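I have placed the structure first, in the form of structure tokens, so that the comments after it can refer back to it.
Model, not experiment: these values are computed from the prediction. The chains referred to below are lettered A, B, ... by the order of the sequence lines, with proteins before strands, and numbering in each begins at 1.
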2 protein chains.
Amino acid sequence: MTKPALRDWQSVRDEVRRRIHARQWKPGDLIPNETDLAAEFGCARATVNRALRTLAETGLLDRRRKAGTRVALQPVAKATLDIPVIRHEVEGRGQTYGYQRLARDWAVPPAQVSGSMRTPASRQMLHLCALHLADDLPYAVEQRWINTATVPAAEREPFLQISANEWLLAHAPYTHGDIAFSAAAADEAEAALLSCAVGAALFVVDRLTWDNAASVTKVRLIFPPGHQLRTAL
Amino acid sequence: MTKPALRDWQSVRDEVRRRIHARQWKPGDLIPNETDLAAEFGCARATVNRALRTLAETGLLDRRRKAGTRVALQPVAKATLDIPVIRHEVEGRGQTYGYQRLARDWAVPPAQVSGSMRTPASRQMLHLCALHLADDLPYAVEQRWINTATVPAAEREPFLQISANEWLLAHAPYTHGDIAFSAAAADEAEAALLSCAVGAALFVVDRLTWDNAASVTKVRLIFPPGHQLRTAL
DNA sequence: CAGTGGTCTAGACCACTAT
DNA sequence: TAGTGGTCTAGACCACTGT
């Protein structure tokens with residue numbers, strides 16, 4: 001019995017996945033090298049490379065030069081989260097988006113904020129508080145500090161019509177950042193804004209973005225009880 | 001002034017990113033096609049393709065055949081989460097991992113569970129409850145249903161020494177799954193296990209995995225107050 | 001030192017889709 | 001229908017790393 005040639009890298013990827021899944025190649029096993037697989041599959045080595053590279057990126061394979069390619073012992077699940085602009089997130093659910101700016105002021109941030117943003121401890125920063133709505137119900141509270149040394153244009157923006165969430169993406173590019181997810185109990189202000197009980201379990205997203213070595217903004221998004229962040233695995 | 005050729009796809013990617021960041025190419029702009037960029041950079045089109053494809057995967061570019069490549073108007077941040085085995089997660093923090101099986105029983109799951117796992121509503125499933133520890137402190141509670149129609153070997157595994165979290169990865173491959181993050185208030189049992197107050201805000205991860213059309217397992221991981229899930233952006 | 005993956009090249013064909 | 005990205009190929013050279 002001869003097998004038909006696998007024509008594209010997706011087919012090769014699927015066949016390799018199938019063999020791993022069928023335990024033909026077991027966790028920890030060394031699999032044939034690219035040249036041999038290319039010969040077996042009847043395609044170019046570059047095609048096999050693309051397939052195996054993709055599988056390595058998802059954590060199913062471990063690849064090392066000279067050592068070869070092994071089936072991962074404990075495949076680390078990789079979940080890719082899309083973090084869209086909140087307006088798009090709401091509209092994507094088929095709901096009507098609403099926005100209210102609650103506060104815009106200049107203040108010296110807490111030491112924890114200036115510390116993590118690497119700004120002088122005594123310097124004032126632009127501080128914003130806003131509410132995002134979905135079908136007129138509270139969707140998320142946004143609390144934000146903006147480093148106007150990095151984004152001077154923000155000084156002239158009132159953020160009355162457009163949220164900082166959206167304005168910054170178009171006006172303040174970032175090179176990298178950190179994001180953290182956690183749970184927190186609602187304080188009185190948050191409970192009032194989100195129409196929930198004080199102490200209710202809120203879903204919290206903290207994000208800090210950088211433009212090279214300069215911090216851009218630090219934001220906390222607070223979601224009402226029941227909010228879920230979902231993704232495929 | 002002539003520019004030196006860009007030798008590899010990472011250099012091309014960096015140069016394209018630089019131009020976008022410098023607003024030489026603005027959000028919404030059409031950028032030159034692959035052939036022209038290859039000529040400008042002095043490299044093969046495949047090299048440009050690899051660079052632009054990578055940037056499109058991160059959401060910075062929108063690419064469509066015939067329509068060309070545009071700078072994304074609202075770059076959707078893509079965060080890749082690594083979801084390792086809990087033992088590795090703990091050990092990676094330099095802490096000592098501990099594990100306690102709290103319960104292992106057969107039961108008919110709630111309709112919500114059998115419904116989402118697409119199993120007969122009246123069929124018993126293997127149910128597990130376990131506690132993961134870091135330096136002898138509670139790290140996470142694991143509540144799990146296992147579809148033994150898909151993973152019959154689980155019937156003979158006591159899960160006393162090894163957690164289902166870890167055993168399943170080695171013995172029950174999955175093809176795809178869903179994961180959801182949320183916040184929940186601690187009930188009495190959870191509060192006792194995690195040494196926190198009833199009603200405290202807990203971080204919750206719900207995961208459901210599939211082997212093609214057959215569900216494998218549905219698990220809820222519950223983390224004590226203060227737990228954060230972090231990643232780079 | 002030798003084997004493996006990582007990448008580049010030049011050319012080709014194809015798939016999709018805006019016009 | 002024509003322009004663009006998506007991919008494959010065959011061959012080459014290189015980088016890394018186990019032995």
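The closest side-chain heavy-atom distance from A:Val205 to A:Ile83 is not below 4.5 Å. Under the 4.5 Å side-chain criterion, counting only non-hydrogen atoms from C-beta, A:Asp211 is not in contact with A:Val151.
Between B:Arg104 and B:Glu157 there is no salt bridge, since no side-chain N of the basic residue sits under 4.0 Å from a carboxylate O of the acidic one. A salt bridge is absent between B:Glu34 and B:Arg53; no separation between the charged side-chain nitrogens and carboxylate oxygens falls under 4.0 Å.
Between the P atom of D:dT4 and the CG atom of B:Asp62 lies a distance of 17 Å, rounded to the nearest Å. Distance, B:Ile31 CD1 to D:dT4 C1': 12 Å, rounded to whole Å. Taking atom CD of B:Gln10 as the reference point, atom C1' of D:dA15 lies 12 Å away to the nearest angstrom. Taking atom CH2 on B:Trp9 and atom C1' on C:dT7, their separation rounds to 10 Å, with Å as the unit. Rounded to whole angstrom, the span from the CZ atom of A:Phe41 across to the P atom of D:dT7 amounts to 18 Å. Nucleotide D:dG18 holds its P atom 17 Å from the CG atom of A:Asn33, rounded to whole Å. Between the CZ atom of A:Arg63 and the C1' atom of C:dT7 there is a distance of 12 Å, given to the nearest Å. Going from atom CZ of A:Arg50 over to atom C1' of C:dG5 covers 16 Å, rounded to whole Å.
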For each nucleotide in nucleotides 9-19 of chain C, reading 5' to 3', give B when a protein heavy atom comes within less than 4.0 Å of its base, S when such contact involves only the sugar-phosphate, and - otherwise. B--B--BBBB-
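In terms of phosphate contacts, B:Asn49 brings no side-chain nitrogen or oxygen within less than 4.0 Å of OP1 or OP2 of D:dG5.
When each of B:Thr69 and A:Asp8 is assigned the nucleotide of DNA chain D with its nearest heavy atom, B:Thr69 is the one assigned upstream, toward the 5' end.
Of the listed residues (B:Tyr97, B:Phe223, B:Phe203, B:Tyr99), just one forms a ring-ring contact (aromatic ring centres under 6.0 Å, His included) with B:Tyr139, and that residue is B:Phe223.
Sorted by first and then second residue, the pairs that involve residues 141-162 of chain B and meet ring-ring contact (aromatic ring centres under 6.0 Å, His included), not counting sequence neighbours, are B:His127-B:Trp145, B:Phe159-B:Trp167.
The residue A:Thr35 sits apart from the nucleic acid: no heavy atom pair falls under 4.0 Å.
Atom-to-atom distance recorded for B:Asn147:CG and B:Trp210:CH2 is 9.0 Å, nearest 0.5 angstrom.
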